[in-house]
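Encoded as structure tokens, the structure appears first; notes follow it.
Per chain, numbering begins at 1; letters A, B, ... match sequence-line order.
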Protein chains: 2
Amino acid sequence: MARYGKEHKLATRQRIIETAGRRFKRSGIDGSGVATLMADAGLTNGAFYAHFESKEDLVATAVSDQLRYQREQLAAVAPGRAGVEQIVRAYLSPEHRDNPEEGCPSAALLDEIGRCGDPTRQAYTDSMLAIVDDFAARLAPHDPQSARTTVLGVYALMAGTLQLSRALTDRRLADDLLEQGIRNALAVLDGESATSGA
Amino acid sequence: MARYGKEHKLATRQRIIETAGRRFKRSGIDGSGVATLMADAGLTNGAFYAHFESKEDLVATAVSDQLRYQREQLAAVAPGRAGVEQIVRAYLSPEHRDNPEEGCPSAALLDEIGRCGDPTRQAYTDSMLAIVDDFAARLAPHDPQSARTTVLGVYALMAGTLQLSRALTDRRLADDLLEQGIRNALAVLDGESATSGA
DNA sequence: CCGTTTATATTATGACCGTACGACCATAAG
DNA sequence: CTTATGGTCGTACGGTCATAATATAAACGG
């Protein structure tokens, strides 16, 4: 009875989710209307509600998807301290700052997510925990439970630093802040591993 | 010829700015309409444009005002390391997290500000620098220039941590993150002062 | 003490965009 | 050729920013 190959709708849905993720990061959640989101995916607004119950439904889904993608990217980096430093430097780079739509969803949307309803915040929390646990296991295989909070703290540090760097009009200052953020992130990570390692 | 006491309009303007600041922090910038903002101040939408050129004009003004207020609050705290620790603990407290409309404008709005136009970001930058220079002078009277970036980094760390704590639905985890943020902020501050002091 | 003057605020209006839904259509699978 | 699926288009209703016309109220002169 399947009139369309069953991938069709799923592929469309996925396309909407991905383009929406990018649009949200560029224009904000409240700043992105359904019509615009659908146009980004090459569709018109009416088709939206065949794929999602509501805008909030899409928001939660897109946030999850964005964090899932971020998790994959992080997992692809070489293990060990060298990998960690590479991640930190890439995250707190001028390139990342200047291309929010291709970057971290938390840096682009965190305060807006904080104002979202429970379903969206729950989706964010779940996906966030997957990232953090992934990373904690790599960072401290002997005690991933305690490393969880450390990783969360560093993540917050990096997201906040990138946001502030984006908000400043003084380029020089914004660049200096990124450098400072790298030092801070590494100091926290090294300091913590020394503490828990000793 | 002034038929109204000249304070009247200024007082009204200030009332709009202050109530708008609170509303922005609660509902976001894009999430707050002009009519709502005016109703908060006990007025109707039409009167808005007698006080401000546009919504963006108000946003820039309100952001400045919020940061000016934050600067005053910070200046009122006792100097020395004890004062610094007090500030960090108050900032990264569950009370602050759970009352965004009375709290830090950066924690509530930073990513949205990053997407604002130049005038707003410029206003943010100027007010931010006033806070940071204030604080840097208190923290390292001998070398406030270098302390500037340190303070900016800690500010970003704290804002990001508070945002993330607000986004998480797991209360326990959110609380743990705040504690971790306090440790991180103090570690950065103590580490930096040791470096520049030695 | 009262009316005039004028600043301030209200209400009405404009054109546009927001979410959400329903009717209709084209197409591709069987 | 039938059928249901995924899509477009049109629509409802409210909210958005902004402006203009109108009403109100405060301070002054007489």
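- Sequence order on DNA chain C of the closest nucleotides to A:Ser54 and B:Phe48 puts B:Phe48 first from the 5' end.
- Put simply, B:Thr12 has a side-chain N or O that comes within less than 4.0 Å of OP1 or OP2 on C:dA9.
- Listed nucleotides C:dA20, C:dA12, C:dT10 differ in distance to B:Asn45; the shortest reach to its side chain belongs to C:dA12.
- Here A:Ser32 lies in heavy-atom contact (under 4.0 Å) with sugar-phosphate atoms only.
- Note that the CD atom of A:Glu101 and the OG atom of A:Ser27 stand 8.5 Å from one another [nearest 0.5 Å].
- Residue B:His51 places at least one side-chain N or O under 4.0 Å from the OP1 or OP2 atom of C:dA9.
- Under the 4.5 Å side-chain criterion, counting only non-hydrogen atoms from C-beta, A:Arg97 is in contact with A:Asp175.
- With C:dT8, D:dT8, C:dT10 as the choices, the nucleotide that has an atom nearest any side-chain atom of B:Lys9 turns out to be C:dT8.
- Tested against A:Arg68, the residues A:Gln66, A:Gln70, A:Glu72 include a single side-chain hydrogen bond (donor to acceptor under 3.5 Å, both in side chains) partner, A:Glu72.
- When the nucleotides C:dT19, D:dT16, C:dT10 are ranked by their closest atom to the side chain of A:Val34, C:dT19 comes out on top.
- Within a heavy-atom distance below 4.0 Å of DNA chain D, no residue of residues 115-122 of chain A is found.
- Over its full length, the helix from C:dC1-D:dG30 to C:dT13-D:dA18 turns its helical axis through 10°, comparing axes from the five pairs at each end and rounding to 10°.
- Dashed line: the shortest gap from a side-chain N or O of B:Tyr49 to OP1 or OP2 of D:dT19 is not under 4.0 Å.
- C:dT11 atom C1' lies 13 Å from atom CE of B:Met38, rounded to whole Å.
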